[in-house]
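Down below is the structure, laid out as structure tokens.
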Amino acid sequence: MNYVKLGLGLAFVFCAHVSAAAPLKLEPADPQPTNLKPGLSVRYAYPADVKNLKAAENALRYKVEQGTPISGLDHRDTNVGQKVMTSKRAERVVADINGFVHFDTPGQFTIDFLTNDGLRAQVGGQVVGEFDGRQPCEETFAVDVEVPKAGWYPLKALYFQRTNTACLHMRMGPAGKRAKWMPDSAFGH
């Protein structure tokens with residue numbers, strides 16, 4: 001048996017499967033929320049240090065403070081010393097973000113994020129953005145999603161910033177088109 005050919009054949013099948021993966025199907029909120037306030041709810045933790053998502057999760061098990069809601073997920077790269085979103089600090093901040101995002105139409109979309117540093121974002125029960133580490137304000141891998149109907153979808157994000165600057169942006173666009181910033185009006189809590 002030619003193991004090289006078998007290995008190459010399996011690699012081809014695997015790559016073809018990955019590249020042709022079906023979009024993640026998002027689940028809308030059920031029931032659909034009413035009387036939402038603009039923006040997203042956020043709770044903060046301020047650990048001595050945070051280098052990954054596990055450390056961020058652990059920080060939320062201890063002293064956590066409710067923060068002023070954030071307007072959405074369009075937080076441009078800060079300057080050194082500027083506070084992270086609505087937190088009390090500029091460095092070593094963990095944010096537990098919750099609320100809903102509204103999709104105006106059903107269809108297939110591509111979602112990605114820019115983050116500095118780590119992020120795990122879920123929409124409609126699916127992980128749509130993740131980076132477990134430290135980086136400057138850079139993109140996560142783009143994820144294709146299927147939105148079965150227009151409406152509100154639950155959003156949950158775990159975010160952390162370690163040192164220097166911070167950013168967090170969400171972008172979305174129709175599949176195959178350029179993603180655009182999500183407007184603040186798309187979020188509620």
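These numbers were taken from a predicted model, which means no experiment stands behind them.
Here the options are D132, V94, N58, the test is side chain to side chain contact (heavy atoms under 4.5 Å, CB included), and the partner is L53; only D132 passes. Looking at R43, R120, R61 one by one, the single match for salt bridge (charged side-chain N to carboxylate O under 4.0 Å, His left out) with D96 turns out to be R43. Of the candidates F109, F141, F113, V128 forms a side chain to side chain contact (heavy atoms under 4.5 Å, CB included) with just one, namely F113.
Residues T78 and T165 come closest through the heavy atom pair O-CG2, 3.0 Å. Among all heavy-atom pairs drawn from L73 and D184, the shortest one is N-OD1, 4.3 Å. The minimum heavy-atom distance between P148 and P106, with the atom names listed, is O-CB, 3.6 Å. The two atoms that bring Y153 and E27 nearest to each other are CD2-O, 3.2 Å, heavy atoms only. Scanning all heavy atoms of the two residues, the minimum distance from A45 to L60 falls at CB-CD2, 4.0 Å. Across every non-hydrogen atom of A186 and M182, the tightest pair is CB-CE, 3.9 Å.
Aromatic ring orientation, W152 versus H102: perpendicular (interplanar angle above 60°, classes split at 30° and 60°).
Using a cutoff of 4.0 Å between basic side-chain nitrogens and carboxylate oxygens, R162 and D49 are scored as salt-bridged.
In this structure, CZ in F160 is found 13.5 Å from NZ in K54, a value given to the nearest 0.5 Å. The structure places CG of L24 at 9.0 Å from CD1 of I111, a figure rounded to the nearest 0.5 Å. The distance from the CD atom of E138 to the CG atom of D117 is 10.5 Å, given to the nearest 0.5 Å. Annotation: the span from R89 atom CZ to K83 atom NZ amounts to 11.5 Å, rounded to 0.5 Å. The CD atom of Q135 sits 8.0 Å away from the SG atom of C167 when rounded to the nearest 0.5 Å. Here the straight-line distance linking atom CZ of R178 with atom OG1 of T110 works out to 13.5 Å at 0.5 Å rounding.
Side chains of Q126 and V145 form no contact here, defined as non-hydrogen atoms less than 4.5 Å apart. When side chains are defined from C-beta on, R171 counts as touching E139, because their heavy atoms get closer than 4.5 Å. Contact check for S41 versus Q66: side-chain heavy atoms found under the 4.5 Å cut-off. Here the side chains of D144 and Q108 are not in contact, with every heavy-atom distance at 4.5 Å or above. Side-chain atoms of K149 and P28, non-hydrogen and from C-beta on, do get closer than 4.5 Å to each other.
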Quiz item: Can you check side-chain contact (heavy atoms from CB on, under 4.5 Å) on I97 and L168, steps first, answer last?
Solution: CA-CA 12 Å; I97 302 167; L168 179 58; 3.9 Å; yes
Quiz item: Stepwise, does the side-chain contact (heavy atoms from CB on, under 4.5 Å) test hold for R92 with T163?
Solution: CA-CA 6 Å; R92 292 175 302 284; T163 61; 4.2 Å; yes
Quiz item: Please walk me through it: do M172 and V101 pass side-chain contact (heavy atoms from CB on, under 4.5 Å)?
Solution: CA-CA 11 Å; M172 185 190 77; V101 60; over 6 Å; no
Quiz prompt | Trace of the side-chain contact (heavy atoms from CB on, under 4.5 Å) decision for K88 with Y44 | solution = CA-CA 9 Å; K88 294 180 180 177; Y44 294 107; over 6 Å; no
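Between the side chain of T140 and the backbone N or O of G129, no donor-acceptor pair lies under 3.5 Å. The main-chain N or O of V93 is never found under 3.5 Å from a side-chain atom of Y159 such that the two would form a donor-acceptor pair.
Taken together through direct or relayed side-chain contacts under 4.5 Å among Ile, Leu, Val, Met, Phe, Trp and Tyr, F100 and V42 form parts of separate hydrophobic clusters. Criterion: ILVMFWY side-chain heavy atoms under 4.5 Å apart, direct or through other members. Under it, V143 and F131 are not part of a common hydrophobic cluster. Under the 4.5 Å side-chain contact rule for hydrophobic residues, V147 and M170 share a cluster. By the rule that hydrophobic residues join a cluster once side-chain heavy atoms approach within less than 4.5 Å of another member, Y46 and V84 end up as members of one cluster. Following chains of ILVMFWY side-chain contacts shorter than 4.5 Å, one can reach F187 starting from L119, so the two form part of one hydrophobic cluster.
Between E65 and S87, the side chains place no donor N or O within less than 3.5 Å of an acceptor N or O (distance only, hydrogens not considered).
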